[in-house]
Amino acid sequence: MADQSIPEARTPKPPLDAARNGETALNGGVSESAAKGALKEGVSRRRLLGTAGATGLVLGAAGGAVGYAARPAEATPLSSLGADQVMFHGKHQPGILQGLQARGHVVAFDLAAGAGRKEAAALLRRWSETARRLMAGEAAKQDDTDVARDAGPSSLTLTFGFGHSFFARTGLEKQRPVALDPLPDFSSDQLDKARSNGDLWVQIGANDALVAFHALRAIQKDAGSAARVRWQMNGFNRSPGATSHPMTARNLMGQMDGTRNPKPTDGDFDQRIFVPESGSKDPAWMANGSYAVVRRIRMLLDDWEQLSVKEQEDVIGRRKSDGAPLSGGTETTEMDLEKTDKAGNLVVPINAHARITRPDQNGGAAMLRRPFSYHDGIDANGVPDAGLLFICWQADPLRGFVTVQRKLDRGDALSKYIRHEASGLFAVPGGAAEGEYVGQGLLEG
C-alpha cells in the first residue's frame, strides 16, 4: 500500500430533468399533475420522486395525513450528490482520474468456450453503450432492473480492461503489450488463483450503493453467453461530505492512506500514469491508456489493533491523527529521513512503510492509487475478513508497482500485518470517442 493520496474532488452537475424511459407511476402518492407543476418550477422528476418517498416515510411514522404532493413548491432536494455526473467519452476512460467513490465493485470475466474476437468485440460494444447510458443516469437499453430508477448518476464510472489471457483467446497475441507480462512472485504473496487475473476486467464506482449495484447487474447481464464471471469483489470508501472538509481517506487500520499520490498538476503526471500517443513501446491501441494492478490485501486487524498508537505510527512512519510525518510538520510536509531523536535513533524508522514507498527511494517509481476498503464478514475463527482492494494505475507496471513491491518485500514493517490474497494486471485502453466503444482500436484494428 504505497504512501500516496488521491483528491476527493467532485464536479457538481445540474440535476437531470428527464425521467427514466417508460416511467409513469409516481411514488409516495404524488399525482402526475403535481409532478408536472414541480418540473416547471425547476425540480426534476427524479428528485421529486426521491424526496416524496422519504417524506412519505417520515409522515407515515408520525401518523401525519399531509403528503408531499399537497405543497410541492416548498420541496427541496435532500442532496445534490445524485446529480453528479462523469462523462463516458473522453481521452481517458472514466474511473481513473475521478476522486474516490463511496461504493465500488471489481469483477473479472473469462470468455466462454468457443467465444473469440468477434464475440469479444460485440460484448465491448454492449458494455460501452450500457456504461454511457447508466453514467448519464438513464436506464439500461434492455431489461433494466429499476434498481436505480429514482436516482441520478451519482458519479457512476465504469472502466474496462484486458488481461494477459485475453489475447490468446482472441488470436491477438501480436497485439499483447510487453507491459502485460505476468507480475513476478513476491515472498509475501498467498494468492488464490481462482480470484486472480481473468480475460476481461471491469471496475465500477459510484457514490450510491444501489447505483453501483445496478451497474454491476447490467454488466453481468450484458455478458450473456459470451463471458462468465471469474471473480467479483465489493468495496467502499467514506461518503463524500462525511468530513467537514476534503481530506485524505483512511483505511480500515485507521491510517490516512494515500498522502503522496501523484497529482494531475505534477509536470510528469501523464508520463507516469498514461501511455503516450507516440514514442512508446506499447501498441498503438493503448494510447492514452494505463495499466491497472489489482490486489486484494487482507489486513490482519486483530494483530494490528493490539499495537499501541505509537507502535502503529512507527510501522507507517506517519502520525495516525493527521497523517503528518513523524519527522514533524503537517500531512504535506516533506519527510526528513535523516532526522534523529535525542538518543540518536531515526525518527522515521528504517523499515517504516512511508519511507520505503517514497518515489525518491525507488528511482522515481510512482503509481496513482485509487483503492476501496472491503469487509467480507467474519470467518470461522471469528477473524474479520477485511482489508483493501488495492487498485493502482501506471504507464508501466514494471517501473511502478513491481519496483515498489519488490522493495516492500525486502523488509517493510507493515508486511506482518497484511496478506496479499489475490492479484491481477490489466491493460486499460484509452477512452472511447463519440460513436466508438472501448477497445475498438484493438478488436477492429
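Residue numbers count from 1 along this sequence.
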Are [X] and [Y] linked by a side-chain donor-acceptor pair shorter than 3.5 Å?
X      : Y      : answer
Asp222 : Thr130 : yes
Asn251 : Ser373 : no
Asn234 : His105 : yes
Asp302 : Tyr417 : no
Ser155 : Gln85  : no
His214 : Asp144 : yes
Arg125 : Gln440 : no

Separation between CZ of Arg169 and CG of Asp199, rounded to the nearest 0.5 Å: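 Result: 5.0 Å between the selected atoms.
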To the nearest 0.5 Å, what is the distance between OG on Ser154 and CD on Gln101?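 Separation between the atoms: 10.0 Å.
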Should Trp127 and Phe109 be marked as a ring pair (Phe, Tyr, Trp, His ring centres under 6.0 Å) after you check the CA-CA gap, both sets of side-chain angles, and the distance that decides it? CA-CA 13 Å; Trp127 274 352; Phe109 292 81; 5.1 Å; yes
Candidate list Leu388, Leu191, Ile391, test side chain to side chain contact (heavy atoms under 4.5 Å, CB included), partner Arg295, passing option: Leu191
Among Arg260, Gln255, Glu331, which residue satisfies the side chain to side chain contact (heavy atoms under 4.5 Å, CB included) criterion with Thr248?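 Of the listed options, the one satisfying the test is Glu331.
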Kindly say whether Asp143 contributes a backbone atom to a donor-acceptor pair with the side chain of Lys221 at under 3.5 angstrom? yes
Evaluate the salt bridge (Lys or Arg N to Asp or Glu O under 4.0 Å) criterion for residues Lys339 and Asp336: first the C-alpha distance (whole Å), next the side-chain angles of each, then the deciding distance (0.1 Å), finally the verdict. CA-CA 6 Å; Lys339 186 174 182 179; Asp336 184 350; over 6 Å; no
Criterion side-chain contact (heavy atoms from CB on, under 4.5 Å) on Arg103 and Asp208, from CA distance to verdict: CA-CA 6 Å; Arg103 188 68 179 180; Asp208 179 79; over 6 Å; no
